[in-house]
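Notes follow once the structure below has been shown.
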Amino acid sequence: MVKLNLNELEKLRKNTKDECSTEIIVSMGTCGIAAGGNEVYDYFSKEIVKQGLPDVLLKKTGCLGLCYIEPNVIVKTKDQPAILYGNVNMETAIRILNEHVRNSQIVNDFVVAMPSEDIYCLCKKQPEKR
Amino acid sequence: MSIVNIKINERTYQVNEDLSILEAARLMQVKIPTLCSHPDLSQSAACGLCVVKLKGTSKMIRACATPVEEGMEITTHDAELFEIRKTVLELILSNHPNSCLTCQRNQECELQRLAAEFGIREESFEKKLRDKPADTSTTSLILDPVKCIGCGRCVEVCQKVQNVFALEFIGRGFKMRIAPAGNITLNESPCIKCGQCSAHCPVGAIVEKDETAAVWTGLRNEKLYPVVQIAPATRVALGEAFGLETGTLVTGKMYALLRRLGFKAVFDTSFGADLTIMEEASELVDLLKNHPDHLPLITSCCPSWVDYLEKFYPDLIEHFSTAKSPHEMLGVMAKTYFAEKQGLKAQDIFMTSIMPCTSKKYEITRTDEMFASGVQDIDVVLTTRELARMTKASGIDFLSLPDEDADNILGEYTGAGVIFGATGGVMEAALRTAYYFITGEKLANIDVQPVRGLTGIKRAEIDIKGQKVKTAVAHGIGNVHVLMEEIREARRSGKPMPYHFIEVMACYGGCISGGGQPYWVNNEVRKKRTAGVYQDDKNHKLRMSHENPFIQKLYGTYLGKPLGEKSKKLLHTDYKPRPLYYK
Amino acid sequence: MNEEKVKLPDSLLEYIGQWKNKKGNVIMVLHKVQELYGFIPRAVAMEVSTLINIPLAKIYGIITFYHLFKLKKPGKYRISVCLGTACYLSGGNDIMAELENILGIGVNHTTDDGIFSIEAVRCLGCCGLAPVLVINEKVYGKLKKEDLAAILGRYRNQEAAVKA
Amino acid sequence: MNRYIFLSEPGNRSSDLFFYIQKALAEKGLDKKIGLVRTQNVGFYSSMPVMRVIPDDIVYKDLTHENINRIIEEHFIHKKPVTQLLHKVASPYVRLENRNEYYKQFRIVLRNMGCIDPENIRDYIKRDGYRGLEKILKNKMTPDDVIDELKISGLRGRGGAGFPTWKKWKLTQEVPGDEKYVICNADEGDPGAYMDRSTLEGDPHSILEGMTIAGFAVGSRQGYIYIRAEYPLAIKRLEIAISQARELGLLGPNILGTDFSFDIELRWGAGAFVCGEETALIASIEGNRGMPRPRPPYPSVKGLWDKPSVINNVETYANVPVILDKGGSWFAKIGTETSKGTKVFALTGKTKNSGLIEVPMGMTLREIIFDIGGGIKDNKKIKAVQTGGPSGGVIPESYLDTPVSYESLQKLGSIMGSGGMIVMDEDDCMVDVSKYYLQFAVDESCGKCSPCRIGGKQLYDLLEKISKGSAVDQDLDRIKRIGQAMLKASLCGLGQNTPNPVLSTLKYFPEEYDEHIRMKKCRTGKCKDLVTYLIDPDKCIGCSLCALRCPVKAITGEKKKPYFIHQDMCIKCGECYNVCKFSAVKRD
């Protein structure tokens with residue numbers, strides 16, 4: 001990579017676009033890995049190659065803060081709200097890939113609540129002053 | 001340096017800004033208790049007793065480690081401070097055995113003193129002692145972890161002042177103790193036996209190995225002929241143990257004392273020092289004249305320094321003077337020359353050395369050469385502290401003793417012999433004689449001021465009839481590395497040697513503040529003791545070793561000449577590299 | 001005399017070379033030593049002492065101050081039981097007691113066959129999984145003491161298989 | 001699909017609600033348009049079944065069959081929310097995340113957690129990363145401008161006592177000389193706290209950016225991150241982040257082509273809690289035993305290698321880029337008068353939901369524990385909450401309405417600390433808890449100063465005596481005396497705060513101590529020496545379950561007849577008490 005100067009940083013910021021329509025994000029902090037996040041991640045990464053899913057981007061992320069339901073997986077598809085899954089084991093991972101990623105069918109019973117934007121994008125508005 | 005205004009206990013004072021609150025208070029006759037602070041050392045702030053209140057802060061602060069600042073208002077004593085300090089003191093006592101009655105530091109212990117001052121009458125907290133056996137591996141010192149209060153003074157002096165790193169904090173928390181690296185003994189460590197740890201320990205956790213019993217046994221043995229010698233530095237310190245002003249010369253009283261203790265002949269190590277100078281100055285002259293490429297010559301009268309060089313600078317051993325230290329020279333003379341004169345055999349003589357030093361206890365069995373008379377040349381070494389205790393046990397009223405003279409011929413010394421007790425003294429004494437040996441004249445200015453004083457490294461150039469002799473003096477062994485690295489560098493690069501003659505003493509200030517001297521040493525004490533030594537030099541009419549008529553007689557009738565065959569056999573030793581760690 | 005000098009592996013010498021001229025390097029070097037040997041052997045500590053010019057006493061002062069550094073060789077499988085607050089409240093102590101009971105050794109000790117050693121650690125950061133223990137890198141969470149025998153059994157079998 | 005229903009049915013997975021809605025949607029022909037999703041909760045904890053409609057963000061309660069039909073009819077067909085069925089505090093047309101009552105977290109430090117790949121610098125840059133630094137350099141701000149911005153923000157150190165960050169920086173900036181250091185304290189050591197680890201693992205660049213800004217402000221060219229060696233993943237991700245930042249010219253010489261240079265190096269800790277104390281941390285970076293030294297001089301004036309050094313912890317640095325990007329006054333609007341911004345807590349212990357949370361300062365403990373944490377597991381009663389780890393204290397239930405701020409917690413005898421928040425319920429014994437923390441403090445005392453080294457050990461042993469039933473009344477006086485001496489005469493924060501857990505439990509739960517000492521009883525059964533397990537013959541039906549479970553075979557008996565516990569063999573593990581289905585095993 002070439003070193004940036006003062007003006008190039010903003011360009012880089014703007015030009016970094018989502019390359020894929022579908023994203024699978026695995027929470028891989030220490031607790032996520034401890035709870036089995038690694039295996040889930042490895043499964044997705046193998047299957048994406050094996051099943052030939054170029055439009056699916058697999059990402060790691062840090063701790064979501066929901067340690068009691070690790071491993072966490074977020075799935076973002078084009079026309080659906082981002083979905084957060086909790087307690088994802090291998091069995092669920094297989095279903096997430098086959099049902100949700102490939103067929104846009106949200107896998108019931110493992111969804112943790114609200115769209116995952118709620119979890120992470122909370123810088124939007126300030127809470128009222130106390 | 002500027003002056004600041006502070007208030008201590010509501011009174012206003014003006015003090016130098018570089019003082020700590022503790023030091024400032026002390027100047028104002030306000031005593032803040034402490035067990036870890038020592039003027040020789042940087043402040044560890046470990047013991048927690050010197051807490052004081054500072055107006056404007058809610059926390060208590062440590063007086064030892066807080067510098068004074070303009071406008072400070074300090075409270076050093078009130079009911080709350082007393083209560084907090086008392087609790088801390090009781091906590092320390094709960095971690096220290098109540099074995100005062102049988103402790104070597106009895107009546108000289110800082111902790112014991114504080115317990116008395118605070119009026120501790122009961123043990124509020126359960127005893128919790130370190131469960132580790134004492135380390136008795138060296139012939140000089142005993143390290144007893146059970147008594148250690150963890151103040152860290154010994155570590156500080158061993159590492160920062162002496163640069164030996166024999167001792168370190170091992171482990172942490174309540175299990176923390178002070179020991180060599182790993183599960184080894186002091187004797188297997190780089191310890192050079194200088195005993196500065198014992199001189200700085202506030203309690204009895206590190207003490208000299210007490211040999212008074214061996215001396216009593218020797219004195220009682222009718223088959224033996226007990227003789228004794230006293231080192232230069234002891235005569236300016238022993239008086240302190242009997243309430244005399246620091247630095248008072250008690251030479252004559254010491255001779256009298258030792259005779260009353262039962263020694264049949266009383267010698268003076270200063271005579272040995274004169275003898276050492278004859279040999280060492282001859283070595284120097286020989287090198288200057290014939291082998292300038294072998295310079296520098298390094299003094300070797302300090303056994304801790306010898307041990308240090310063998311361990312840390314084995315590559316520089318060839319520069320070491322092979323002359324034995326004064327008390328060893330005197331020891332062998334006593335067991336050969338003196339014995340012959342008395343019609344005795346070497347093994348009949350029981351030789352005790354009174355030394356300011358713990359390392360001398362190690363030196364007496366250091367190598368085969370220490371048995372030059374056929375038997376161990378020195379039988380027992382007592383430190384000044386041990387002699388003081390022995391005196392008290394003997395019931396002799398030291399202060400009312402008359403001044404007596406030493407026995408001849410091993411007792412008469414010159415001014416040069418006695419200044420061995422202070423840093424720079426060996427150098428000065430050697431220069432006085434070397435100058436004479438080279439020029440046949442007396443050194444014009446016999447007081448070689450540049451090599452005196454408490455500066456850690458002193459460098460001086462002495463003009464000997466056109467030949468510039470470059471000298472350096474180091475004391476406090478941590479200072480040595482500067483000089484040694486300069487030599488190594490010169491050897492590596494082939495550049496001219498920066499020095500021709502180097503004196504090293506392991507203890508800061510020289511032997512006057514040796515590891516076996518009376519406690520409570522600081523620079524004031526060092527200066528007074530040093531002054532005592534130089535006063536003794538001045539008091540002597542003869543101030544150069546070669547002038548000593550008894551030295552001349554000894555060479556004339558017995559030894560032959562310096563560096564001659566007999567001298568080499570009896571008065572010289574050799575050195576070998578030693579590992580830093582034996583395990 | 002001194003025990004025989006050890007020959008340090010090249011990777012360690014190279015690492016020391018990188019760190020030699022940086023101030024305060026000793027702890028980083030000791031980490032590397034421990035990574036290679038599993039503990040800090042005395043002979044290696046002596047070599048390190050010479051190479052980076054730090055007195056051995058200081059090295060021991062450091063090793064014995066920091067809990068991570070070991071002077072004894074740990075077991076092939078190092079079992080770390082978390083005793084962080086969350087694990088403690090969820091019975092981490094009972095897990096520890098059971099483990100000691102099964103293996104017949106105490107904390108900071110290694111079984112006679114050198115296979116297992118037990119350590120206590122403070123918070124592995126998986127409080128959501130409390131109580132937790134780690135064997136080498138593998139984390140076992142939401143443990144019950146009944147699970148321990150089976151977990152250890154798996155490692156034992158693995159060892160037996162390797163030997164056979 | 002244009003809408004989703006998120007259905008949450010706590011504790012009742014087998015209900016027919018899901019299938020009923022499914023059927024109802026199908027009947028109206030809506031099943032292709034509206035997705036039905038079963039979830040574990042809908043963003044907050046509720047003990048009733050609730051459903052949330054996305055993207056309208058409306059939450060309905062009282063989900064009877066009749067009401068469901070009504071919702072489908074009115075909301076999905078006629079597009080009119082059923083106001084009568086709204087969850088009590090929810091009103092339509094306001095997104096949930098905008099309502100404090102609902103989703104109470106507010107994330108500044110954790111802003112990127114879950115959205116970025118920590119191993120990819122582009123992810124961070126995309127989410128406004130390095131914009132704070134960029135602004136400084138682009139707008140040609142001076143170091144004083146940066147410090148002023150921090151002053152306006154009111155940011156205080158998140159590691160412990162809450163010293164104003166701008167002041168710390170100013171002190172260092174004012175010392176002449178160009179050899180200065182910026183240090184990040186990532187030696188998070190509180191047992192039960194892992195905020196910093198998660199931040200480093202999830203968003204390492206925010207720390208690098210924060211430190212670089214600090215470097216600019218104080219005039220330093222070199223930063224150090226002192227990180228626990230127990231955090232291998234965080235170390236790995238930091239190393240990746242540092243090399244990526246160097247590649248892009250965001251670290252190293254001439255940052256972004258300007259003449260400002262700054263670089264960062266990692267130094268590992270090695271397992272010593274005391275190294276969280278700044279002077280001990282410095283000693284450790286310097287390659288020494290991590291033993292604290294007296295202050296003054298403060299590190300800001302004489303720190304690493306005797307040079308002026310700024311030390312802040314991970315969370316503090318993570319706030320800095322946002323403050324520079326959004327402005328100090330934006331930040332200052334969050335929080336309370338004296339404690340600005342947010343605080344990250346590791347909420348653990350007996351709450352239903354445990355995990356990492358970030359809340360605005362000023363939120364009450366009760367809100368945190370009950371609204372975010374979902375209350376106490378197994379419907380037990382809360383007893384206390386512990387903040388500040390081994391240096392903090394416990395806060396009893398009666399003070400749960402205290403808003404979180406540096407001052408308020410201190411007033412209660414605890415501290416904010418780095419952010420451990422451990423919730424304890426009626427099963428937790430306060431003597432046992434104090435003993436736990438004391439054990440920790442004794443293990444972690446560096447041993448340098450005597451009040452801490454000996455005092456801590458004495459305190460621990462006294463607590464041990466109490467828990468064994470061998471203590472006497474005077475032991476409480478001893479505890480208070482030692483506590484006072486440690487508080488006043490210990491050298492560093494670790495020693496000064498060691499007595500906090502015991503003094504605060506003694507203050508709020510004196511009756512528990514009293515029971516242990518005078519009645520030789522532990523009501524929770526945690527102090528095993530004070531507990532006896534007995535079988536009530538009237539209740540025991542002789543099922544033998546307890547005898548089977550007893551690990552030491554201390555229970556004997558004949559089937560269908562009352563069993564008996566042999567007290568001399570009993571190890572008080574409580575297994576029989578837990579397994580008995582007939583409450584026949586009594587704990588006394």
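Note: hydrogens, waters and symmetry copies are ignored here, and every other heavy atom, side chains too, is used. Chain naming here is simple, since letters A, B, ... match the order of the sequence lines and numbering starts at 1 in each.
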Query - chain B contacts, top residue of Q496(D), K448(D), Q484(D) (heavy-atom pairs, under 4.5 Å) - result: K448(D)
Query - Region of A272(D) that comes under 4.5 Å of a non-hydrogen atom in chain B - result: both
Query raised in the report: When you check the side-chain N and O atoms of T279(D) and R295(D), is any donor under 3.5 Å from an acceptor?
Result: no
Requested in this report: Examine whether an atom of Q474(D) lies under 4.5 Å from a heavy atom of chain B, and if so say whether it belongs to the side chain, the backbone or both; otherwise answer neither.
Outcome: neither
Requested in this report: Could you list which of residues 15-25 of chain B have a heavy atom closer than 4.5 Å to any heavy atom of chain D, in residue-number order?
Outcome: none
Requested in this report: Using modelled atom types only, decide if a donor and an acceptor are shared between the side chain of R85(B) and the backbone of L49(B) within a distance under 3.5 Å.
Outcome: yes
Query - Between Y513(D) and R518(D), a side-chain donor and acceptor under 3.5 Å - result: no
Query - Pair K520(D) + D529(D): basic N to acidic O under 4.0 Å - result: no
Query raised in the report: For chain D, which residues from residues 145-166 of chain B have at least one heavy atom closer than 4.5 Å to it?
Result: I149(B), G150(B)
Query raised in the report: Does CD in E464(D) sit with more than 12 non-hydrogen atoms of other residues, nucleotides or ligands closer than 6.0 Å?
Result: yes
Report task. Determine whether the side chains of N98(B) and E123(B) contain a donor N or O and an acceptor N or O closer than 3.5 Å. Result -> yes
Report task. Could you check which of L487(D), L462(D), D443(D), D475(D) has the highest count of heavy-atom pairs closer than 4.5 Å to chain B? Result -> D443(D)
Query raised in the report: Under 3.5 Å, is there a donor-acceptor pair between the T505(D) and Y437(D) side chains?
Result: no
Query raised in the report: Under a 4.0 Å N-O cut-off, is there an ion pair linking D461(D) with K457(D)?
Result: yes
Report summary line: chain B shares the most heavy-atom pairs under 4.5 Å, among P294(D), S490(D), C446(D), G495(D), with C446(D)
Report task. Determine, for E444(D) against R172(B), whether the closest basic-nitrogen to carboxylate-oxygen distance falls under 4.0 angstrom. Result -> yes
Query raised in the report: Quick one: does R158(D)'s side chain have a donor or acceptor within less than 3.5 Å of a partner on N313(D)'s backbone?
Result: no
**Report entry** is_close_aromatic(F174(B), Y460(D)), centroid dist under 6.0 Å
**Finding:** no
Query - Engaged part of M291(D) at the chain B interface, taking heavy atoms whose separation is under 4.5 Å - result: side chain
Query raised in the report: Ion pair present between E188(D) and R228(D), side-chain N to carboxylate O less than 4.0 angstrom?
Result: no
Query raised in the report: For T185(B) and D135(B), does a side-chain donor sit closer than 3.5 Å to a side-chain acceptor?
Result: no
Query raised in the report: At a heavy-atom separation under 4.5 Å, does R481(D) approach chain B through its side chain, its backbone, both, or neither?
Result: both
Requested in this report: Measure distances from M60(B) to the heavy atoms of chain D and classify the residue's part below 4.5 Å as side chain, backbone, both or neither.
Outcome: both
